[in-house]
Structure formats: C-alpha cells, structure tokens
Amino acid sequence: MEFLRKFKFPARSKSPLFVFTIAGVAITAVTSCSSVSVFRDSTSIHNPNKIATAVEGVVRSSRAIYAITVTVADYKYSLRRVTADSDEYLQRLTEVHSRSAKRILKLCESNKGFYVKAGQFVATLKLVPKEYSLALSSLQDQAVPCNFQDIKHVLTSNLGRNFSDIFLSFDEEPIAAASIAQVHHAVLKDHQEVAVKVQYPGLKQNMKLDTMIMSFLSKSVVKIFPEYRFDWLVHEFVKSISQELDFIQEAKNSERIATNFKHNKMITVPTVFWEFTTAQVLTMQFCKGFKVDDVEAIKRTNLSPGKVAKLLVEVFAEMIFVHGFIHGDPHPGNILVSPGGQNGFSLVLLDHGNCKTLDEGFRQDFCRLWEALILLDSTKIQELGTRFGVGQYAKFFPVIFTGRTSDSKSGLGKGMSIQERQKLKQEVKLLRLEDVTTFMGSLPPDFLTVLRTDGLIRSITLKLSAPQRVRLLAYAKYAVYGLGYNPRSEPDFVEKTMISKSVMLVSYIRLRLILELMELFQGVKKLKHTICTFYGRVVDGITRSVKVSSVTSIV
C-alpha cells in the first residue's frame, strides 16, 4: 500500500512528536528490560552473573530510550514550519522515515532477542511506511546463533537423556538461526536424518516482562493521544509471539497442515518425531531444498519461477479461503523448493509456530469479498466493509488487494490508469494518520492476519517475476471453492465429493467467464474509441486536403 506513505499528517506539534514514533515504540519497548542475554559471548544461562545481567539490562534500556528520543526529535524538528500539503513536506518526510528506519534497525540488531522478532513483525505490515518495511526486512536473515553449550543444556534438560543416547551425530553449527530458536542437523540412533529446533534459553521469562512493558507503553500513548490507536499492533504481536514459544503447539499445527494437504503431492510438511519433542525442542524430518525466492537456484535446476509462484499462491489461497487455517509467517526461509518427484518439484512448508484458525463467518465473508473485488462490485464491497467494521474505508479494499480502484476500467492485474491514480491521490490527500489507525484498528484480527500473510506472499511472487494476475485469479478460484466448502461435513462418499467439486468448478468457470466478458467489453470499447479516433483523423485529413485543392483550383 504505497499510497499509505503519502497520507497527510496533522500539523499539530504533538503529531510528529508521537505519531511517527509509535512503530518505534512498539519495536523498542519489546525487550527494553530483558534480564538475560541468550546469544553468543553472553553469560551462560546456567550460571548467571547478576551484576552482568543488571548492567546488560541498563545498556539495552538506554539504547531503547536513546533511539526513541532521537527519533522523536528528528520528526519534530525536521517537519516543523513546513506545510503538510507541500512537496517539501513529503520530501522531508521520506528523508526522516529513512533515517529513523535505519536507527530502529540498528537498535534491533544491537539488542537482538524480541527486538528482532518485533522488527520482523512490523516489517511485514502494510501499515508502516515503506522505508521501515524495507530496512527491517533485513532482520529475517540476521539472527545470531546461541552458544552451543546453552543449546545442549536445553536439549538434555528437555529430553531427559544423555546426548549420546539419542543422537548418532549432531552438528554443533546450526543450519538456521532465528530470533527465538535455531535449527541443527542431526542423525538419530536409527539413522534417521532430522532437523532439531531448539528454543533459546530464558525466553519465556524475558517475554513476560517485555510484553508487560510493551502493553504499558502502548496504553499510555493511547491515553495521551486517543486518535493514534496502535495498541492493536502490540496486542497482535503479543499473541503471535506467545504461540511461537510453544513447540508442542507448533508440532500440532504442522500435523494439521499436513492433513489439510495430504492429497496434494506437491506439498511436503516435515514429519514430527513426538518422542523427541517438547515445549522447547522440536524434532522433525530433515528436508532438503532451497529458498522459494532463490530465482538462480530455481533456474539452475531447470524449474520455472512462474510455476513455483503459481503453486505458492494456490497453496496459500487454499489455506485462507478453504481450510481457514493459515501459516502466518510465510517468509522465504520458511518455504523451500525441493526438486524431484513426478511433478518436477515440491514446496516444503516449515516453521508452523505462527498459525491462525480463521473464524468460519469471517472465512465465508472474505470469500465473498474476493468475489466482489474480482468483479468490482462496489455495492457488495461496501456491504462487506460494514460487516468487517470499517465503514467508508471499504472503498480502499480494491486498491489494497488488487491494485485498482472500485471504478477502474483497467483489466485484472493491469494496475491503474493515470486518471485513476490522480483521482486516488486526491482522495488520499484528504486522509490523516488517525484515519489509517482507525481503519486498521477496526479490522477483525483475522483480517490483519490475512493482510500480513498476503503481503508476504505478494513479495515472494514479485521476486519470482510472476504477473499479479496469477495471484488474483488463484485467490478468485479458491474464494469460489471456499464458498461451497463446509468444514463441518466430512464427505462419506466419493460421489458427494465429486458433485461438490463439480459445483465449485462450474461456479469458478462462471466467474471467469463474467470476468473475461467484462474485460473483452472494455477492450472492445477501447478498440472502438481507437477506430473512431483514427477514422476522425483520416476524415479531417481528407477534408483539409479537399479544402486546399479547392483553394488552389480557384486561384
């Protein structure tokens, strides 16, 4: 949502002082009083040094306070005495966004832990300016591994056995490191290759204090400035991180997704080894592959980036519109392309800690919304917007999801015309930041989950150079399928399943036919206009020639 970056911000002095730093507060407040460092070169978790811990807490808090103070001052003094509607204001705003984003990124890298996780979370939101999302997105690959002795202690204390009794071999160097855990390659006693995900020690204790501070700060800001409601952001982050710290729940999520896609041979979900899985240790089947956005690797293995993108969007469309159970963190490191098999490749879905079950009523309404978005049914979009609680802001749904306005004359996936962009720009100028926060805060939590997931999928398909139309048509297809799907009724007979699928297929063909006819009609109108314009020019030319000839003959 590029247009959000150009929202007009209130000119009152308190606005730049607090509005632009809320995202920073949400990030920097996450772990400002963390009591234990769990990263390399830190004090061992089994032999804590209270003085070192206290000093570290002061240092981390000082970094956070400094970052917030400088960011506040930067926005306040950079934007003072500048008219909010001027080009100079937008230029200065972009510059201060860029400086502040780099400052927050440096803070996350220095304090690590939940700061990194919060930075990753904020980077995936469409709400924040693009300077923040671009800067913070680099945090996905910058987690620092934990000291192996601490990891080994977590393993033995959780599994209740000696290390050598469980593993034939265990690579001390992790194959992946994230903000809350790292993954090691190992071989069990029965020669089974596994990936062992181990949670960093002390995280749960840190989280309780850190999230309490986050909530306190967000509520304080809301009390002082009620129009800037970002407390929903903190609430969603706390829910997300709480789920991810429970590896038992992650294992259950993994098995549920595996069940949902058990008939799809192009989807692989690693098998869980429950005997060696606890709340802090997750042992699963080791799967080989490369990141889904690694275009060079895809081409090197003679695969088509377009086919990979198509399968990716169809898988997540099925999760959203049909299953109502979503993998909430589909960044490239969590989705691998594994070459081989009868179809040439398969997608490996990893890291199921952040999964979300959609409310059934919401799932059905979201299916209806996408059908309306594809057909540009303004009345239906507004009706569903009222149901979602956003009222007049529903008119922005087509822009957010499909990149065109509700009265667009462009074909699906072709973006907006110059006239449509100019009209949208004028509408955006009338909006203020509190309009954005009201809009985002009014959306159901499920909508925010889908919005974030869609944003991540969209960024991957962009790297794979897939046309936007591929994603839009896949969403339309599964939205229609979702409307005909009843999760409560398990089909007992193959005949019932076939009939259901046939009905859904007919419905989708009908939607595609309507869509193609609409675009054909628009194309005919454009062709008619082009012919008429050409014909008019020819007639004008002939008329001018006749007039010149007549004048010449008279002379």
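Owing to the predicted nature of the structure, the values given are computational and were not obtained by experimental measurement.
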Heavy atoms of Ile267 and Leu349 approach each other most closely as CG2-CD1, 4.0 Å
Look at the side chain of [X] and the backbone N and O of [Y], then say whether any donor-acceptor pair between them is shorter than 3.5 Å.
| X | Y | result |
| --- | --- | --- |
| Gln182 | Ala177 | no |
| Thr453 | Val450 | no |
| Gln199 | Leu245 | yes |
| Asp329 | Asn334 | no |
| Asn253 | His352 | yes |
| Ser137 | Ser133 | yes |
| Gln382 | Gly391 | yes |

Determine, using ring centers only, whether Phe273 and Phe276 are less than 6.0 Å apart. no
Could you measure the distance from the [atom1] atom of [X] to the [atom2] atom of [Y]? Nearest 0.5 Å is fine.
| X | Y | atom1 | atom2 | result |
| --- | --- | --- | --- | --- |
| Asn354 | His327 | CG | NE2 | 8.0 Å |
| Leu105 | Tyr132 | CG | OH | 11.5 Å |
| Leu134 | Ser98 | CG | OG | 9.5 Å |
| Thr283 | Gln192 | OG1 | CD | 11.0 Å |
| Arg387 | Glu383 | CZ | CD | 5.0 Å |
| Asn264 | Glu318 | CG | CD | 7.0 Å |

Is a salt bridge present between Arg458 and Asp454, judged by a nitrogen-to-oxygen distance below 4.0 Å? yes
NZ/NE/NH1/NH2 to OD/OE distance under 4.0 Å, Arg363 and Glu360: yes
Checking side chain to side chain contact (heavy atoms under 4.5 Å, CB included) between Trp370 and each of Val480, Leu472, Leu483, which is the one that passes?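 Looking at Val480, Leu472, Leu483, the match for Trp370 under the side chain to side chain contact (heavy atoms under 4.5 Å, CB included) is Leu472.
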Stacked cation flag Arg471 on Tyr475, 6.0 angstrom / 45 deg: yes
Over-ring placement of Lys356 relative to Phe325, 6.0 Å and 45° cut-offs: no
Dump the intermediate steps for side-chain contact (heavy atoms from CB on, under 4.5 Å) on Ile460 and His331, then the final yes or no. CA-CA 8 Å; Ile460 295 175; His331 69 76; over 6 Å; no
Applying side-chain contact (heavy atoms from CB on, under 4.5 Å), run through Gln364 and Arg368 and close with a yes or a no. CA-CA 6 Å; Gln364 290 279 340; Arg368 295 185 184 97; 3.5 Å; yes
Phe290 versus Leu336: any side-chain heavy-atom pair under 4.5 Å?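 The answer is no; the side chains never approach within 4.5 Å.
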Step by step, would you call Leu311 with Lys307 a side-chain contact (heavy atoms from CB on, under 4.5 Å)? CA-CA 6 Å; Leu311 176 60; Lys307 288 184 177 179; over 6 Å; no
Evaluation steps, ring-ring contact (aromatic ring centres under 6.0 Å, His included), between Tyr481 and Phe321: CA-CA 8 Å; Tyr481 284 5; Phe321 297 104; over 10 Å; no
Verdict with reasoning, Thr278 to Phe247, per side-chain contact (heavy atoms from CB on, under 4.5 Å): CA-CA 6 Å; Thr278 69; Phe247 287 179; over 6 Å; no
